[in-house]
Protein chains: 4
Amino acid sequence: MKKYTAGEDSVHMKEKITKESILLFEKKGFSTTSIQDIVDVLGVTKGTFYYYFHSKEQLLMDIHYDYITTLLKRQEQILNKDQMSQKDKLTENIRLLIRNIIEEGPSARVFFRELRHLTDENRDKIRQERKKFRLNVEKIVQLGMEQGEFRKSLKPDMVAFGIVGITNWSYNWYQSGGSTSPEELVKIYADMILNGIQN
Amino acid sequence: MKKYTAGEDSVHMKEKITKESILLFEKKGFSTTSIQDIVDVLGVTKGTFYYYFHSKEQLLMDIHYDYITTLLKRQEQILNKDQMSQKDKLTENIRLLIRNIIEEGPSARVFFRELRHLTDENRDKIRQERKKFRLNVEKIVQLGMEQGEFRKSLKPDMVAFGIVGITNWSYNWYQSGGSTSPEELVKIYADMILNGIQN
Amino acid sequence: MKKYTAGEDSVHMKEKITKESILLFEKKGFSTTSIQDIVDVLGVTKGTFYYYFHSKEQLLMDIHYDYITTLLKRQEQILNKDQMSQKDKLTENIRLLIRNIIEEGPSARVFFRELRHLTDENRDKIRQERKKFRLNVEKIVQLGMEQGEFRKSLKPDMVAFGIVGITNWSYNWYQSGGSTSPEELVKIYADMILNGIQN
Amino acid sequence: MKKYTAGEDSVHMKEKITKESILLFEKKGFSTTSIQDIVDVLGVTKGTFYYYFHSKEQLLMDIHYDYITTLLKRQEQILNKDQMSQKDKLTENIRLLIRNIIEEGPSARVFFRELRHLTDENRDKIRQERKKFRLNVEKIVQLGMEQGEFRKSLKPDMVAFGIVGITNWSYNWYQSGGSTSPEELVKIYADMILNGIQN
DNA sequence: CATGAATGAGTGTTCATTCAT
DNA sequence: GATGAATGAACACTCATTCAT
């Protein structure tokens with residue numbers, strides 16, 4: 001996405017705008033952040049913003065789209081590992097969700113908080129992608145039940161909701177530099193969930 | 001001051017405003033809902049709104065305060081049951097969280113989504129109360145570990161975050177009238193969590 | 001104006017409102033002081049205010065009217081002293097203007113600052129009364145010139161404007177408790193003016 | 001940035017806004033003049049106003065600041081004339097005060113009437129500058145006393161207040177086109193004051 | 001590519017005033 | 001005499017967006 005360039009200055013303005021916007025949206029919220037706020041940080045004018053984006057909403061959509069697209073791509077890589085057990089696939093999904101939130105901090109928080117400010121149409125698009133992710137988790141549970149890795153009595157959809165809930169919720173509270181490392185957290189939750197559902 | 005009456009009209013204006021605002025905030029979001037939107041629904045004027053509330057933010061604070069206060073009161077009733085096992089207390093907390101979200105639907109969604117629009121001071125107040133709730137859950141886990149009900153290897157704070165995550169997340173997706181009843185959901189999650197952490 | 005009464009409580013509400021309003025108008029300005037501000041100080045409600053006054057403007061008019069009426073009455077007493085020289089009459093007028101401003105502090109400041117907030121009609125009325133006062137000063141100068149007390153070359157109208165200017169201006173700066181007493185100030189200005197215009 | 005042009009249209013919008021605002025503030029008063037009133041006169045929209053000014057108060061501050069700054073600059077020119085007698089310097093100061101009020105008519109009236117509507121901070125700033133002007137007058141009186149031009153018995157601070165009072169008051173009543181020209185008025189007041197204080 | 005100027009619709013809030021009780 | 005509730009018009013200010021240059 002970012003082509004090779006010699007120095008900072010040549011980084012494309014559109015990326016700069018997106019990056020700074022994410023930080024502002026995280027700190028102040030989407031609706032409370034004005035275009036003026038954004039361009040002030042970059043030392044440019046509003047005209048510049050509108051040269052790169054049709055609207056404020058389009059910028060928010062781009063942020064959402066990038067986040068969910070990346071997430072789905074990474075999930076696909078897990079799903080493609082044919083020889084992996086469902087248990088391990090589930091663990092990998094838990095790892096993906098948690099690490100992505102922690103590593104993408106600001107983007108993640110904007111992604112989870114500001115969905116409502118998309119247009120109906122765009123909101124539906126993002127929701128569909130998020131649903132795809134969840135259904136993939138559900139499928140792993142389903143397969144794990146059929147293959148005897150998980151208990152037969154489970155309701156896979158509810159389990160999937162539980163898994164994304166427990167992991168996604170961390171965007172609300174996880175702080176880098178605390179006493180629990182990302183990988184520790186992954187272990188704790190994977191352990192808890194697998195113990196909770198396995199045969 | 002409020003005499004006993006049978007009908008709708010006697011409900012105090014302040015309560016009406018609060019009730020309708022919650023519905024609008026849920027549907028359109030706090031910052032996208034104008035005072036005009038609110039008073040239009042009630043067929044009154046903006047002056048009336050400001051007769052009962054200092055500001056739009058105060059209304060939001062009232063909603064938050066009511067929600068968390070009620071929740072804490074109900075939690076206290078559980079904590080007071082001295083003869084109850086920690087397992088059962090945890091189950092009761094899960095039940096409380098889930099049922100409250102489902103029963104208070106719109107209020108719950110406003111509570112979880114619009115915290116950011118409170119002033120710094122009020123946001124801190126609400127966060128403190130939410131923290132109290134979570135620490136009470138943590139304490140149950142702690143006691144359960146000491147009394148041999150739960151595994152010794154757990155990190156009670158992380159477990160508590162997991163529990164509120166899995167339950168609270170339901171505000172995002174649970175729809176009344178679906179295939180899983182509130183009580184079924186409670187059972188599923190309580191089962192999953194207890195299996196996940198017990199000895 | 002205030003009839004004999006046994007205690008504080010029986011002082012008529014209308015006077016209380018007027019008194020407190022003057023203090024508030026002085027401190028915050030007429031347009032920045034709300035009826036609510038006024039009634040809050042007195043612990044009553046807005047209805048009470050409107051029982052005694054048709055409008056906020058009427059209250060302001062009352063304050064203006066009281067001030068200028070009192071001033072004119074006191075001036076009349078000076079003018080009636082037939083055997084007094086014009087010099088002494090002028091000195092007495094200077095004393096009246098200065099002492100009234102200092103003694104009526106808040107009322108005086110409201111009187112000089114808030115004229116503009118009267119309706120056109122009322123503003124004209126007050127201006128007429130203020131003009132009467134000034135013309136009386138002018139007449140003293142005129143008589144003094146004719147009787148050889150003051151220089152023949154004076155323009156009585158300009159002198160009168162000068163006299164009210166020098167004295168009225170003190171509402172802007174005079175502070176009780178400073179190094180110059182009211183009576184000293186009277187002496188200084190009377191001296192300066194009389195030296196400035198006498199034969 | 002502003003190229004040379006012959007006509008009205010090329011005057012910068014900010015100056016136009018300031019000019020028209022002064023006229024409106026003079027006629028209707030600051031608090032009674034709305035931003036809408038201002039922009040209506042100019043045939044632009046409120047957004048345009050806020051493109052040039054942060055707030056209504058900033059515009060008022062600009063007006064005040066311009067007025068007092070110009071006045072102080074002109075006073076400095078008088079003070080710098082080393083060979084001039086204190087008497088003449090005083091006369092020049094009287095001339096400056098009166099002519100400035102008459103020539104800047106509307107600005108002067110806004111300056112004298114609307115100080116109260118500045119924020120506390122700005123009001124203090126303007127008051128400090130006004131004080132500088134007055135202290136400079138006081139100094140002239142002081143020097144004139146020491147050099148034997150004025151009577152030894154004077155109180156320079158009270159005399160200075162008297163001088164600015166007598167002159168500034170003219171903003172209340174002086175009307176161009178009346179029977180007394182600005183220069184005549186200067187002569188009359190200078191004469192009166194100097195006679196009043198000289199040895 | 002980028003700017004500066006302008007728009008126009010909307011926002012939260014204030015407040016003098018009214019009036020039934 | 002006094003209250004509490006409600007009105008409605010106005011206000012300062014914001015902001016996403018447009019567009020000629």
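Because the structure is predicted, anything quoted here is derived from the model rather than measured.
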Any side-chain donor near an acceptor of the partner, A:Glu15 and A:His12, under 3.5 Å:
no
Would you please say whether a donor-acceptor pair under 3.5 Å links the side chains of C:Glu57 and C:Thr119?
yes
Starting at [atom1] of [X] and ending at [atom2] of [N], how long is that distance when rounded to a whole Å?
{"X": "D:Leu59", "N": "F:dC13", "atom1": "CG", "atom2": "C1'", "answer": "14 Å"}
{"X": "B:His12", "N": "F:dG4", "atom1": "NE2", "atom2": "P", "answer": "11 Å"}
{"X": "B:His117", "N": "E:dG12", "atom1": "NE2", "atom2": "C1'", "answer": "14 Å"}
{"X": "D:Ile38", "N": "F:dC13", "atom1": "CD1", "atom2": "C1'", "answer": "13 Å"}
{"X": "B:Leu42", "N": "F:dG8", "atom1": "CG", "atom2": "C1'", "answer": "17 Å"}
{"X": "D:Tyr51", "N": "E:dT3", "atom1": "OH", "atom2": "P", "answer": "11 Å"}

Output side-chain donor-acceptor pairs under 3.5 Å for residues 20-27 of chain D, partner residues at least two apart or in another chain, one line each.
from    : atom 1 : to       : atom 2 : distance (Å)
D:Ser21 : OG     : D:Ile17  : O      : 2.7
D:Glu26 : OE2    : D:Arg109 : NE     : 2.6
D:Glu26 : OE2    : D:Arg109 : NH2    : 3.1

What residue pairs, at least two apart or across chains, pass salt bridge (charged side-chain N to carboxylate O under 4.0 Å, His left out) with a residue in residues 38-53 of chain B?
none
Looking across every strand, which nucleic acid part, if any, lies under 4.0 Å from A:Phe53 by heavy atom: base, sugar-phosphate, or nothing?
nothing
Name the residue closer to the 5' end of DNA chain F, choosing between B:Tyr52 and C:Tyr52 according to the nucleotide with the nearest heavy atom.
C:Tyr52
What pairs with D:Ser34 under side chain to side chain donor-acceptor pair (under 3.5 Å), at least two apart in sequence or on another chain?
D:Asp37
Output one letter per nucleotide in nucleotides 13-21 of chain E: B when a protein non-hydrogen atom lies under 4.0 Å from the base, S when only the sugar-phosphate is that close, - when neither is.
BBBBBB---
Specify whether D:Phe111 and D:His64 have parallel, tilted or perpendicular ring planes, treating 30° as the upper limit for parallel and 60° as the lower limit for perpendicular.
tilted
Could you work out, with side chain to side chain contact (heavy atoms under 4.5 Å, CB included) as the rule, every residue matching A:Asp62, not counting sequence neighbours?
A:Lys14, A:Phe53, A:Gln58
Side-chain touch C:Arg113/D:Arg113, heavy atoms, less than 4.5 angstrom
no
So what's the dot-bracket for DNA chain F: Watson-Crick or G-U pairs under 3.5 Å, [ ] if a pair crosses, | if it pairs off-strand?
.||||||||||||||||||||
The single option from B:Val110, B:Leu115, B:Leu60 passing side-chain contact (heavy atoms from CB on, under 4.5 Å) against B:Phe30
B:Leu60
